[in-house]
Structure formats: structure tokens, C-alpha cells
**Q** 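Structure provided below as C-alpha cells; questions to follow.
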There are 2 protein chains.
Amino acid sequence: MSGVTIYQVAREAGVSPSTVSNFLNGRPGRMLPQTRTRVADAIDRLGYRPNRAARQLRTGRIQVVGLVVPSVANPFWGNFARYLERAALADGYHVLLCNSEREPDRERRYLEELWADGIRGVVLCSSLPSLNHVLPLVEAGLSLVAFDRTAQAGDPGTLVNISVDNVVGAHLATAHLLELGHRRIAFVSGSLRSVNRRERFRGFTDALEQAGLDPAEAIVWSGGAEQEPYGDLDAAGLGRTAAHELLQSDYRPTAIVAINDMCALGISAGIRDAGLRVGEDVSVVGFDDIVLADLAAPPLTTVRQPIGDMAAAAFRHLLSRIDEAEASPSQSLLLRPELVVRASTGPAPEPRE
Amino acid sequence: MSGVTIYQVAREAGVSPSTVSNFLNGRPGRMLPQTRTRVADAIDRLGYRPNRAARQLRTGRIQVVGLVVPSVANPFWGNFARYLERAALADGYHVLLCNSEREPDRERRYLEELWADGIRGVVLCSSLPSLNHVLPLVEAGLSLVAFDRTAQAGDPGTLVNISVDNVVGAHLATAHLLELGHRRIAFVSGSLRSVNRRERFRGFTDALEQAGLDPAEAIVWSGGAEQEPYGDLDAAGLGRTAAHELLQSDYRPTAIVAINDMCALGISAGIRDAGLRVGEDVSVVGFDDIVLADLAAPPLTTVRQPIGDMAAAAFRHLLSRIDEAEASPSQSLLLRPELVVRASTGPAPEPRE
DNA sequence: ATGAAAGCGCTAACAT
DNA sequence: ATGTTAGCGCTTTCAT
């Protein structure tokens, strides 16, 4: 402990504890200028630092929000965490980070822990279609901002959803490949249950349909539907495996839409493993635009999420929910993604045989 | 709030609050089996969850440790954070994550905040040679484990240092290049002041000397000595710039030792920008072995840090420091790195002209 | 084996 | 303008 209490400060300054408290809580107008100076001096001299536990116990408030991500080992989430922290810090808040590893049970346990710690606002990065596992907490009063997950039918009535427009994003990616002349396009992802996977898949099939192709004939790889949940760390391994399998099939795709950049980088590695050239023999599009997309060889064409804006929006909404006495109605914020064309995509190769 | 207090539980169970408290604090032996059951039932029925603020206020203890990293946007740190969380969780601890962006002032402010929050143990990932800016906190009783930074002369007497053996690591990397026949080898890093940069540089020059080369003639690129602190995010950009500059110089290196993997990936991109082939025209070695090292094209030869072991060790040491009444003397733990040879390094090309 | 009661440091109503 | 005071929920002596 710093050990110094407001009582000691009060005695040192020759005032009462409540005056010190008033000073600390932004109500310096309630005292004479000279008193204010005396208190400030005493605080300095004693090196006083408020005890947050006591403050929290008394007020019930705490300047911490929770952040639950699948895994910070994925650079996309690491980056998001950093932006969220930046936004929080500007308002004097801390961020308590939790890795769910995409396990619903861990998500629930984490939210319960955070709640028990007095944290009243959490940004939950979950792509699960149902939020039933955390519903009791929300009903108890936990403010929740769901990130990377659009609103679903059964959602609690007070949820804020912040996400990129996945349908549009995947549509952009797929349309880009179609324009390049590709017709045998594969879609690669892990878990089928994730909300953004569904949406990105829809953007994918929509684009195919618009081009007059039959989505039913599209090549879809999901690593065996039962294999889930899968860790984020394995997104890359997943992509690599997918590439291996897809490329030795008879009906080999000339282009692949990946569920995210880590997966796309794995796919690219798998394509090279097979002795083929990325962007020439096989084109690859990712999703996210992590820093490494631009460093890859060839640089990865991808759909950029405006991650800084999204993090700022997430925190802003969270804060307003926490502060407001009564829960405002649910809303969704859908940000527009942007296609970033690099060298991992190129014209469809001439048909063989 | 969950709102339920031990008083309510006590009334529901027909016992006193202290009995409930005893039950909660692992002293069930102090009551009759039937009492124990009644309390357990009451807790279940009411959905009681202890209020941590109250517990902390009373005991002064809190089950949270701090983690200060340069930036989770760097996958190495994201991965480390995840491993540390895993270790902490196993002991019922949470991890409060802070990004210092390599700014000493942010490091200090964060540690002060953590201290004020009642947190008594922090893993500080700083590569600054001096820890003077946080000395007051350590003297006040903050348990500090310095990560990725070996012990320095002026360090506080109670510090635990956990790091990979940087000298050995860089030596391995450089010796590998020398064996491949390289003689014009460059060393690329950012800030000159960081401890691990110094050590890795020493491993580099040691290896050159052992091979009979004059380290004074080694090519060293540091982005302009005054340019610091630099963010981790820019490690890649830094490497890319370095490659551009080094490759258009007269005395062009045939191999480059990078301060870390992100930097190495940037260098690789820069080599390609110049129309050269990584691993053939110019070899590159990284440091860390992040997941993406294996996915790069060509896959990156690098020095692996045993990050899982290091994270577990960091938490273990931290916990023992926090628990012990009196500070045990300082110690350092230096883990052995391992060279992972991939395709970004190859035989030195025949001298031109 | 169980209970009563004090107090951790702070804030905010309510005095003065 | 400033002071007094009653708790917030919990743990922990010290009774019984």
C-alpha cells in the first residue's frame, strides 16, 4: 500500500476528510482557494494515492472495462486490443484483457469473473450466434458491446453490436476475383457456427450468383464441420491444410477466399508447399488487413477492417451504456470495409488440358 | 452488483457471517458437516459471488498481476500475453495488460496506476538499460519481474530477470550465416539503447571475431541513432527501410541479422522490393520465432525463444515474490534459445564482377 | 463449533 | 465553506 489515507492528508492540511474527498472528486469549487492549495500541498508532500478498492466499495464504480477476445496471439486481436486501450486510456479507464480461445464456457466464466470484480462494461469479441451463455449477466446489468458479430434474432434487448459489414466485404473480395476471370473459387474457413463466417459466406455466394454462377457448385472447405471450436492460432494451420487438400483435388480452384488474413497466409504457404505460385497459379484474398498482409510475399490482397475506428466506437458505446442509468435500446453499428488489392490476386490462369 | 452479501447468505443458512466467511476461505474444517452443507446450499440458492473490492479493502490482497509490454500489436508480445494469462489463470489470477509503446514515462505511469489499484506484482517487458524510473515503486514494495531484459549494474536489489540468452542467440544466428560462407553480414535494429539489442549485437560481433573477421567492419544499421523510442509496429517498417538503404549501398551485405522477426519480415519485403531473392541473393535471420516466421515466403530462419516456458517462469517467480513476506535477493533466469533453420538463409552467392 | 463486532479507506448525505 | 458520520462487504480477532 501507499499507506497514506485521506485522514492523514486531512490532518496534514488541517481540514476534514470530506474536504479532501471533495478536492479529489473534482469539486474544488466548494472550498476557498487557500484551502485548496493546502490540500494539494499535503497530498504532494505525503505522496497520497487514492485506494481504488475503497472507492469502488463505496461507490460501486470502477474505471476498468473488460475485453474478451478469441486470442491475442492473432495479430488482428492484438492490434484491436491496443486501439481499445488507447481509447480507454484517454478517459482514464483500464482494460482487462481475457482470451476466450473461442470457448463459450470460457467466455461465460470470464464475464462472471469480471462482473464479480465490479466491472460493469465488457467488449465481447465472440462470433457465436447465440449469446445465451452470457444472458444472465446482461440481465443482471452488465453492459455488453459485441464486437465482430452482427445482431442476431435471439439477442438480449440492450446489446450494442459493432462489426464490419461482412457481407459487403466478402462480396468485394469475391467480385474482385470474378473480375479477374476466376470461375472456380473456393471459400475456406474453420467453424461453421461463427456469425461472421456465415455472413462472409453469404457475401461470397451473393457475388457468385450475381456473376451467373451457381453457388451450389462453389468449393467450400471448413476443415470437417465437426471440428470446432478451433483456436485462432490454428487459423494459419487450418489454411495450410485446406490448401493442401484443395490443390490435390480434381476440381482445383484457381482462387481462394479466406475467412481472415491468418488463414490466407496459411493458404499461401500451402500453395507454395504444392509448388505453385500465389497470385499466378492460385489467387488468394484475405480479410482484416493485418500489418503482415503487406509484408507477405506476395503481399496479400485483403478486405480492410477500419479497426481503429471500430475500437473507438466500441469504447464510446460501452461508456455511454455504463454511465446511463437505464439501458438504452439495442443498436448495431456496421462499418464499411475496403478492398485492398495487392499481388496475391491475379488474372485467372488459362484452363489446363 | 450481484447484490448478494454474506449477511444474506448467513441468514439464508441460519448461521453467522463469520461462518460463511470461514467456509469461503477454505476453512470448512471449522464447522460441522451439516453446517457446511447448509452454507453451500444457501450460496447456490442465492447465487452469491464474493465482492472483490471489499475483500481487497479488508485484506489488502488482490488476485491480479500486471503485464506491461511494448505493444500487443507485435505478435510476439500477444503470444507472450496469452501464455502468461494461461499460467496466471491456473492460480486464479487475472492479468491486467498495458502497452507501454516503449515509452519510459508510460511504463512508470502504468506501474503507478497498478500500484494504486492494489496490484503488487508486475511483469515488466522493457528493454531499457535503466530501471530508475520505476525504482520508487520497487522500493515501496512492488514485486517486479523484468522480462526480455537481463540484469544490469544499477538494478534494484530485489529484481528477477527473465530473458533468453541473447548473446548466445545472436551468436547462433551469425555463426549459421558464417558457415554458409557469408562474409558481408549486416546487423539491423532500431533503438541502440535497448538491453537486448546490445546483447544481440555482442553475440553478433563475437561470432564475427571467432571467424577471424573484424567486427569494426561489420555493417550496422540502426535507423539513425537518435530515432527512438520507436513503436513495435514499426519494427517491420524499420526493417523494410533498412533493406532499401543497405541494398543500394556499394558495400552490399549478402546476409542480414535482424533484431527480431517482425524486423526480419520487413527486411525480407524490402529485399523483394529491390528485385532480389530472399535466401538466395540475400539471406535473413530473425529472432523470436513467431508463428508467422514459418508462414513467410521463404520461411524465416530464426532464433526461437521458448516463450511458453518463459511466461510460466515469469509468473511463478512473480507469485513467489508477492507471497513471500520479505523480498528474496535478486536473481536472473537466462533461457537457452534455439536456432531454427528455414529457407530465408542459403549459401553466400558467388562474389560479383 | 459458532457468533459478535471492529474496521479496511473512502464518499456523500447531512449537519454546522 | 467545512465538518461529522454512517456505512459499502468483507475478514478476523476475540468471545462464547
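Just so we're on the same page: letters track the sequence lines, and every chain starts at 1. Side-chain atoms are counted along with the backbone in the values below, which use heavy atoms only and exclude waters and symmetry mates. Computed from a predicted structure; not experimentally measured.
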**Q** Taking the side chain of B:Ile6 as heavy atoms from C-beta outward, which of D:dT2, C:dG9, D:dT11 is closest to it?
**A** D:dT11

**Q** With a cut-off of less than 4.0 Å, is there a side-chain N or O of B:Arg58 near OP1 or OP2 of D:dT12?
**A** no

**Q** Rounding to a whole Å, what distance do you find between A:Arg61:CZ and C:dT11:P?
**A** 9 Å

**Q** Do any side-chain nitrogens or oxygens of B:Thr19 fall under 4.0 Å of OP1 or OP2 in C:dG3?
**A** yes

**Q** Roughly, in whole Å, what's the span from CD in A:Gln56 to P in D:dC10?
**A** 12 Å

**Q** Tell me: CG of A:Asn22 to P of D:dA1, nearest whole Å?
**A** 11 Å

**Q** If I take atom CZ in residue A:Arg55 and atom P in nucleotide D:dG9, what distance separates them, rounded to the nearest angstrom?
**A** 18 Å

**Q** Quick check: on DNA chain C, is the nucleotide nearest B:Arg36 upstream (toward 5') of the one nearest B:Ala54, or the reverse? Name the residue that is more 5'.
**A** B:Arg36

**Q** How many Å lie between CG on B:Leu32 and C1' on C:dG3, as a whole number?
**A** 14 Å

**Q** Taking only the side-chain nitrogens and oxygens of B:Thr5, find out if one of them lies under 4.0 Å from OP1 or OP2 of D:dC8.
**A** no

**Q** Which part of the nucleic acid, if any, lies within reach of B:Asn25 when heavy atoms closer than 4.0 Å are counted: base, sugar-phosphate only, or nothing?
**A** sugar-phosphate

**Q** Could you check whether the side chain of B:Ser18 and the base of C:dA4 have a donor-acceptor pair of N or O atoms closer than 3.5 Å, going by distance alone?
**A** yes

**Q** Could you work out which one of D:dT11, D:dT5, C:dA4 sits closest to the side chain of A:Tyr7?
**A** D:dT5

**Q** Taking any heavy-atom pair under 4.0 Å as a contact, classify B:Leu57: base, sugar-phosphate, or nothing.
**A** base

**Q** Testing the 3.5 Å rule here: is there a donor-acceptor pair between the side chains of B:His133 and B:Glu107?
**A** yes

**Q** For a quick check under 3.5 Å, do B:Ser126 and B:Arg149 share a side-chain donor-acceptor pair by atom type?
**A** no

**Q** Considering only D:dG3, D:dT12, D:dC10, which nucleotide approaches the side chain of A:Ser16 most closely?
**A** D:dG3

**Q** Please say which of A:Phe315, A:Phe80, A:Tyr83 ends up in a ring pair (Phe, Tyr, Trp, His ring centres under 6.0 Å) with A:Phe147.
**A** A:Phe80

**Q** Expressed in angstrom and rounded to an integer, what is the separation of A:Tyr48 atom OH from C:dG9 atom P?
**A** 10 Å

**Q** Atom CG of A:Asn51 and atom C1' of D:dC8: how far apart are they, to the nearest Å?
**A** 13 Å

**Q** Return the value, rounded to whole Å, for the distance between atom CZ of A:Arg49 and atom C1' of C:dC10.
**A** 16 Å

**Q** Establish, yes or no, whether the cationic atom of B:Arg49 lies under 6.0 Å from the six-membered ring centre of A:Trp115 and within 45° of the ring axis.
**A** no

**Q** Salt bridge between A:Arg52 and B:Glu113, side-chain N to carboxylate O under 4.0 Å?
**A** yes

